[in-house]
Amino acid sequence: MSIHNILTNAGEWLRGDGPHSQIVVSSRVRLARNLKNHAFPGWAKKTERLQILEAIKPRVEELPEMSDAFSVYSQDLTALEKQVLVERHLVSREHAAKGVGSAVVMNRRQTLSIMINEEDHLRMQAIRSGLQLKHVFKMIDKIDSALEERLDFAFHSQLGYLTACPTNVGTGMRASAMVHLPALVLSEQINQVIQAVNKIGLAVRGLYGEGTEALGNLFQVSNQTTLGEKEEDIITRLHKVIEQIIEHEQNARQMLLQKKPNTLLDHIGRGYGILLHAYSMSSKEALNLLSFIKLGIDLNFFPEECRQPIDELFIETQPAHLQKGSQQKLAADERDSLRAEIIRAKLKAFPWPDADRVKPPDADPTG
Amino acid sequence: MNCDVCKQNQATVFLTQIVDGKMQKVNLCESCSREKGVTDPTGFALADLLLGLGAAQEIERSGATQKCGVCGFSQADFKKTGRLGCSHCYETFSEGLQSLIKGMHKGILHVGKKPSRLAKSLEREAQIKTLKRDLSKAVSEENYESAAELRDQIKQIEVET
Ligand SMILES: [Zn+2]
Ligand SMILES: [Zn+2]
């Protein structure tokens, strides 16, 4: 399979048909592993990194899950192609900065991605749409078990899997869910939620944007620690917390609809107006306004068939995705114009928003 | 307030996280936060950075062995990167790492998955270790009969592997 296939087809998690996918965009589990008797990638010399790479890459490619894989050396990808993969969460930003001595292998559905020689020799991830942490853990656990039949992983009887950074020892696992929480942000309850989640050893961060700012009202909730707790227990704890966050977000939406319906509709309506008529749109503004349209679809302000185009716009308006269609690199203002153009074209097909259709969210929104 | 990493520029990014009731704070300047990938919340970078800074100080304080005998990694290197050189570094710097790991994790003992192939050999290694300790005790007590027995047992296990 070629990079072309990957670039032109969005991955499974972007289709948004997993459980609770209105609020939980995706679930992801990453495992860090290293080979025994080799320096970690950041310390290994180039020749050793190449040895490591050639020891691992064929073993990954021969996995049955990777029979239709896209497998590529880092130096064979352009900066733009790497950035597209970063925007799709298939490689980390750190991995995208690597050249000779690193590689990535991913399956056609883009649910599995194995980075070789990132910060650790292996960073393996499974990602799916909606809330399905247990399922993605099983997927990546299976890959890990298959690989360790053929590779000698660095393992310590007390510390578990050894990693380049001591923050990842033990399970070497980061489980996370990306959640869309516009009502908690609008009602200014988000900081309380973040603090409560932090207290039990889980981390909440804005997905896009710097510092504590969360563009597009998108957050990532993940486990903070990796040693002293079983993988399944970490996953269960995280899953429960996400379920509670979903409930809080639903309650916040209900409250806004009851107490401040016009404020809520105003945000959605203005978002729609600007997106439909703007001729220049920064990535930041796009994310924030698209978030309101997404909320508008959840609340029936727009019909359900608008969901897929909006979810796609979240990714397609990211800088690298914008530029993958054009031959040369675009300047910032050119990107902003192109972004506005793409958004206008999609929104033109939307029916007129209808405030009469708006209804409170279901008690059990599994859609 | 100055940046915790470069200690020069004005800090503009302030991060606070609570890990097991312990508050971790980091103040960064714009360029360090970008360089450390703090702006990429999808990476491991943020937690690593927060804990990595403390890590270097911890190791330095403990005054552990200076260089890893396997990979040549030094304390100074750890201070610079917050990462270790190889898996053996965990032995080399074990003294400093112990309290550090205790502070950053829920426990100090791995209770999760074990490589199945390794589980067996680990068991054997542990067995040999115990036997060898018994052996040197027997020798020091001039209990040559049981020392001979222990030697045979050790040989037996080693032959099996
Ligand atoms: Zn700085
Ligand atoms: Zn070492």
Side-chain angles (χ1 to χ4, degrees), chain A residues 28 30 32 34 36-40 42-44 86 89 92-94 119 141 144-145 148-149 152-171 173-174 176 195 198-199 201 203 205-212 220 224-232 234, chain B residues 12-21 30 33-34 37-52 55 68 70-73 77 81-91 97 100-102 104-119 122 125-126:
Chain A
R28 166 160 69 154
R30 265 195 201 170
N34 288 282
K36 212 162 82 177
N37 306 327
H38 275 295
F40 297 135
W43 187 244
V86 171
H89 303 175
S92 63
R93 218 173 273 197
E94 177 161 25
E119 177 183 305
D141 184 51
D144 175 53
S145 297
E148 80 187 13
E149 296 269 314
D152 283 324
F153 289 155
F155 185 85
H156 187 280
S157 55
Q158 276 122 53
L159 295 176
Y161 292 97
L162 298 177
T163 50
C165 183
T167 48
N168 301 319
V169 293
T171 60
M173 182 183 82
R174 297 278 158 182
S176 64
Q195 274 166 22
N198 275 347
K199 265 195 195 126
R205 301 160 198 161
L207 185 69
Y208 301 106
E210 311 210 342
T212 51
Q220 177 160 286
Q224 188 91 275
T225 63
T226 53
L227 181 64
E229 198 177 4
K230 278 188 185 154
E231 288 88 349
E232 288 82 358
I234 297 174
Chain B
T12 53
V13 180
F14 307 99
L15 301 164
T16 307
Q17 289 199 321
I18 297 164
V19 182
D20 274 342
E30 207 55 48
S33 79
R34 210 169 305 120
V38 172
T39 55
D40 177 15
T42 61
F44 288 57
L46 179 56
D48 291 355
L49 175 69
L50 284 166
L51 301 161
C68 173
V70 173
C71 75
F73 196 80
D77 294 316
T81 61
R83 307 286 183 275
L84 294 162
C86 75
S87 49
H88 187 81
C89 288
Y90 279 92
E91 301 291 339
L97 282 171
L100 172 75
I101 284 171
K102 198 174 164 186
M104 61 170 70
H105 288 290
K106 232 186 158 74
I108 50 165
L109 203 63
H110 177 62
V111 291
K113 185 176 184 177
K114 286 190 176 95
S116 62
R117 209 157 39 86
L118 218 100
L122 280 175
E125 258 171 52

* To do: Examine whether an atom of A:E232 lies under 4.5 Å from a heavy atom of chain B, and if so say whether it belongs to the side chain, the backbone or both; otherwise answer neither.
  => neither
* To do: Quick one: pull up NE2 in B:H88 and NE2 in A:H38 and give me the separation to the nearest 0.5 Å.
  => 16.0 Å
* To do: Side chain from CB out, backbone as N, CA, C, O: work out which of these in A:S176 comes under 4.5 Å of a heavy atom of chain B, or both, or neither.
  => neither
* Distance (rounded to the nearest 0.5 Å) between A:N168 CG and A:Y161 OH -> 14.5 Å
* **Which portion of B:I101 sits near chain A, non-hydrogen atoms under 4.5 angstrom** => side chain
* Under a 4.5 Å heavy-atom cutoff, which of A:N34, A:T226, A:N37 has the most pairs with chain B? -> A:T226
* Structure fact -> Max heavy-atom pairs within cutoff under 4.5 Å with chain A, candidates B:G112, B:S87, B:G85, goes to B:G85
* **Chi angles and distances behind the side chain to side chain donor-acceptor pair (under 3.5 Å) call for B:K114, A:S157** => CA-CA 9 Å; B:K114 286 190 176 95; A:S157 55; over 6 Å; no
* When rounded to the nearest 0.5 angstrom, what distance separates CG in B:L84 from OG1 in A:T163? -> 8.0 Å
* Measure distances from B:Y90 to the heavy atoms of chain A and classify the residue's part below 4.5 Å as side chain, backbone, both or neither. => side chain
* For B:E125, is it the side chain, the backbone, both or neither that has a heavy atom under 4.5 Å from a heavy atom of chain A? -> neither
* **Best-contacting candidate, A:K36, A:E231, A:H156, against chain B by heavy atom pairs under 4.5 angstrom** => A:E231
* **From OG1 (A:T171) to CG (A:D144), nearest 0.5 Å** => 10.5 Å
* **Atom of A:A39, atom of B:C86 and distance for their closest heavy-atom approach** => CA-CB, 3.8 Å
